[in-house]
Visitor: 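Have a look at the structure that comes next, please.
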There are 2 protein chains.
Amino acid sequence: MASTMKTTSPPKPRSAGRPAGGGELTKQRIAEVALAQIDEFGLGAFSMREVAARLGVYPATVHWHVSTREALLAEVAAAVMAGVTPPAGKLEWQAWIAELFRRCRDAVRRHPNVAQLLGAQLVSNGSLPTELVEGVLAALTEAGFEGEPLLEAYNCVIAAMLGFLTMEFSPLPADNTQAWAEELRERVHTIRPLDHPVLARNLPLLANKAFIVRWDNGTAVPLDSSFERHIQMTIDGLEAFARRVRPGA
Amino acid sequence: MASTMKTTSPPKPRSAGRPAGGGELTKQRIAEVALAQIDEFGLGAFSMREVAARLGVYPATVHWHVSTREALLAEVAAAVMAGVTPPAGKLEWQAWIAELFRRCRDAVRRHPNVAQLLGAQLVSNGSLPTELVEGVLAALTEAGFEGEPLLEAYNCVIAAMLGFLTMEFSPLPADNTQAWAEELRERVHTIRPLDHPVLARNLPLLANKAFIVRWDNGTAVPLDSSFERHIQMTIDGLEAFARRVRPGA
DNA sequence: ACCTGAACACCGTTCAAGT
DNA sequence: ACCTGAACACCGTTCAAGT
């Protein structure tokens with residue numbers, strides 16, 4: 001019963017072939033365990049071998065179901081983002097987009113450590129629900145966009161939404177968090193008013209709450225009001241864009 | 001002279017202590033080599049050991065100068081983003097922000113593989129130039145923001161800029177790019193018009209050019225017009241926000 | 001101060017072999 | 001079809017020891 005912290009000890013020995021117990025090993029079950037692991041220790045500490053260990057199985061077994069580490073992560077991202085798309089046809093396009101933004105953020109807040117997968121990995125992009133794409137396009141069509149402007153507006157909306165969330169929940173340095181936070185905090189508080197007057201003057205307002213000058217991410221310090229404002233700005237921006245495209249409305 | 005593709009063969013043997021040759025090993029030189037490696041093979045293939053090998057040095061030597069892998073990556077990100085901030089006081093706030101967005105994108109386009117470091121890693125966030133922060137705050141102050149709205153507007157601007165770039169240049173799956181692209185392409189082109197009418201109708205417009213339904217990133221298929229529109233929308237959004245805050249202007 | 005040489009504790013993935 | 005057991009070719013980081 002030798003138990004140390006992270007000993008990847010071989011799983012309970014058993015013979016090959018499908019096990020008798022009801023513990024069916026499926027792609028979904030693997031993704032669940034992977035998500036649990038990411039939730040607990042972050043994406044940096046995620047490993048196939050640890051997933052296998054948690055399932056009481058050899059690493060190769062996981063690969064039989066999942067093909068590759070990246071594919072598994074895409075699966076995880078898909079699971080997190082499933083069901084974020086609001087139902088169609090019940091809201092004005094502005095309200096629909098606002099609702100999508102909020103539901104998307106709620107999903108990410110439940111599993112903040114997968115945030116980096118959304119914006120920063122093309123793989124998991126591809127694993128976002130098609131309903132989301134269709135929904136945004138439908139809303140923008142209702143807003144009067146078509147052709148090239150539709151493409152542009154769509155890209156702006158997706159970038160605005162996922163971009164903000166990717167940044168809000170971007171991970172802290174894996175290891176010596178304490179030391180790093182202290183150093184950045186120090187650096188921020190010794191900003192010279194002569195070199196950076198506006199920043200220095202607004203330091204109490206910005207410290208640890210503004211991008212680039214913060215040492216906690218959205219898990220510890222959520223940017224609620226900024227996100228709400230971002231929704232507002234996105235919609236205002238879309239309306240202005242729509243006016244430019246079809247001035248007669 | 002045994003030379004295979006990626007043999008981490010021991011470096012040219014030499015004795016300990018500082019070498020005689022003028023090849024000074026500094027933090028900057030290490031960051032340069034790291035950046036070159038990332039440019040060539042991507043962030044996924046980046047390794048401390050390979051950096052060491054390129055420098056003709058043992059892995060431990062790199063650690064003497066850099067402390068940690070994450071710290072080195074932060075250094076690299078800082079190097080890429082150095083000098084993106086436009087000079088102060090020469091442009092209207094709208095033009096200044098637009099210029100910042102464009103220069104930022106140009107920097108990322110020169111080193112697209114570091115894009116994921118910008119939005120998705122809090123470490124490298126902290127290594128962005130303070131001038132950038134100050135500049136954005138100054139522009140927004142000129143636009144009439146102060147207090148809480150200033151914080152919100154700032155966060156929206158940073159998220160809009162870095163978020164878009166993070167997404168535009170998010171990396172493809174490391175390995176079997178070909179197969180993955182083909183599969184996504186296939187999936188996109190078999191979308192059923194009954195389930196996703198707007199998407200299906202606009203497929204020629206969107207395929208491989210819209211987020212989530214593309215299989216190339218910004219390196220192969222740049223989203224120029226979408227980015228320009230994003231700048232426009234951001235500024236329009238800011239102006240609308242400013243009007244809400246101080247209706248008398 | 002700066003570097004070697006070797007080790008430690010991990011990785012993802014592959015593959016023959018079992019059932 | 002599904003899994004074991006072991007191997008391959010890597011990792012980042014640490015540390016005593018050299019100069």
Side-chain angles (χ1 to χ4, degrees), chain A residues 2 4-30 34 37-38 41-74 123 173-176 179, chain B residues 4-30 34 37 41-74 123 173-176 179:
Chain A
T4 53
M5 261 302 277
K6 197 162 179 174
T7 310
T8 311
S9 59
K12 47 178 177 179
R14 77 167 114 102
S15 55
R18 189 173 220 160
E24 284 253 23
L25 190 54
T26 67
K27 200 188 271 196
Q28 284 72 30
R29 225 175 107 48
I30 294 173
Q37 193 192 162
I38 292 170
F41 302 110
L43 203 59
F46 171 83
S47 90
M48 290 279 150
R49 291 183 107 103
E50 185 62 26
V51 169
R54 286 207 189 190
L55 288 162
V57 142
Y58 276 83
T61 306
V62 176
H63 270 95
W64 195 91
H65 292 271
V66 169
S67 87
T68 195
R69 181 193 140 102
E70 246 171 348
L72 175 51
L73 289 178
V123 214
D175 208 30
N176 51 342
Chain B
T4 54
M5 260 302 278
K6 198 163 178 173
T7 310
T8 310
S9 58
K12 49 180 175 179
R14 78 166 112 102
S15 55
R18 189 172 219 159
E24 286 253 22
L25 189 54
T26 67
K27 200 188 271 197
Q28 284 73 31
R29 224 175 108 47
I30 294 173
Q37 193 193 160
F41 303 110
L43 203 59
F46 170 83
S47 89
M48 291 276 150
R49 291 182 108 102
E50 185 62 27
V51 169
R54 286 206 190 190
L55 288 163
V57 140
Y58 275 83
T61 306
V62 176
H63 270 95
W64 197 91
H65 291 272
V66 169
S67 86
T68 196
R69 181 192 140 102
E70 245 172 347
L72 174 52
L73 290 178
V123 215
D175 208 28
N176 51 343

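Per chain, numbering begins at 1; letters A, B, ... match sequence-line order.
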Visitor: Taking OH from B:Y58 and C1' from C:dA6, how many angstroms apart are they, rounded to a whole number?
Guide: 9 Å

Visitor: In whole angstrom, give the distance that lies between atom CZ of B:F41 and atom C1' of D:dC10.
Guide: 16 Å

Visitor: For residues A:V57 and A:L25, report the shortest heavy-atom separation together with the two atoms involved.
Guide: CG2-CD2, 4.2 Å

Visitor: Counting only Watson-Crick or G-U wobble pairs whose two distances fall under 3.5 Å, which nucleotide matches C:dA9?
Guide: none

Visitor: Please state how far atom CZ in A:R29 lies from atom C1' in D:dC2, giving the value in whole angstrom units.
Guide: 15 Å

Visitor: Return the nucleotide paired to D:dA16: Watson-Crick means purine N1 to pyrimidine N3 with N6-O4 or O6-N4, wobble means G-U with N1-O2 and O6-N3, both under 3.5 Å.
Guide: C:dT4

Visitor: Would you say C:dA1 has OP1 or OP2 under 4.0 Å from some side-chain N or O of B:H65?
Guide: no

Visitor: Start with the C-alpha distance between A:F46 and A:L73, add both sets of side-chain angles, then the distance that settles side chain to side chain contact (heavy atoms under 4.5 Å, CB included), and finish with yes or no.
Guide: CA-CA 10 Å; A:F46 171 83; A:L73 289 178; 3.8 Å; yes

Visitor: Looking at A:K27 and A:H65, what are the two nearest heavy atoms and their distance?
Guide: CE-O, 3.7 Å

Visitor: Mind listing the closest non-hydrogen atom pair of B:S47 and B:Q37 along with its distance?
Guide: N-OE1, 3.3 Å

Visitor: Between C:dT4 atom P and B:L55 atom CG, what is the distance in whole Å?
Guide: 11 Å

Visitor: Give each protein N/O atom lying under 3.5 Å from an N/O atom of nucleotides 12-14 of chain D, with the pair distance.
Guide:
unit_1 : atom_1 : unit_2 : atom_2 : d
D:dG12 : OP1    : B:M48  : N      : 2.8
D:dG12 : OP1    : B:R69  : NH1    : 3.3
D:dG12 : OP2    : B:M48  : N      : 3.1
D:dG12 : OP2    : B:R49  : N      : 3.2
D:dG12 : N7     : B:R49  : NH1    : 2.6
D:dG12 : O6     : B:R49  : NH1    : 2.8
D:dT13 : OP1    : B:T68  : OG1    : 2.6
D:dT13 : OP2    : B:H63  : NE2    : 2.8
D:dT13 : OP2    : B:R69  : N      : 2.9
D:dT13 : O5'    : B:H63  : NE2    : 3.4

Visitor: Can you check the B:K27 NZ to C:dC2 P distance for me, whole Å?
Guide: 12 Å

Visitor: Show the nearest heavy-atom pair for residues A:R29 and A:L55, with the distance to one decimal.
Guide: NH2-CD2, 3.7 Å

Visitor: How close do A:M48 and A:L72 get, heavy atom to heavy atom, and via which atoms?
Guide: CE-CD2, 3.6 Å

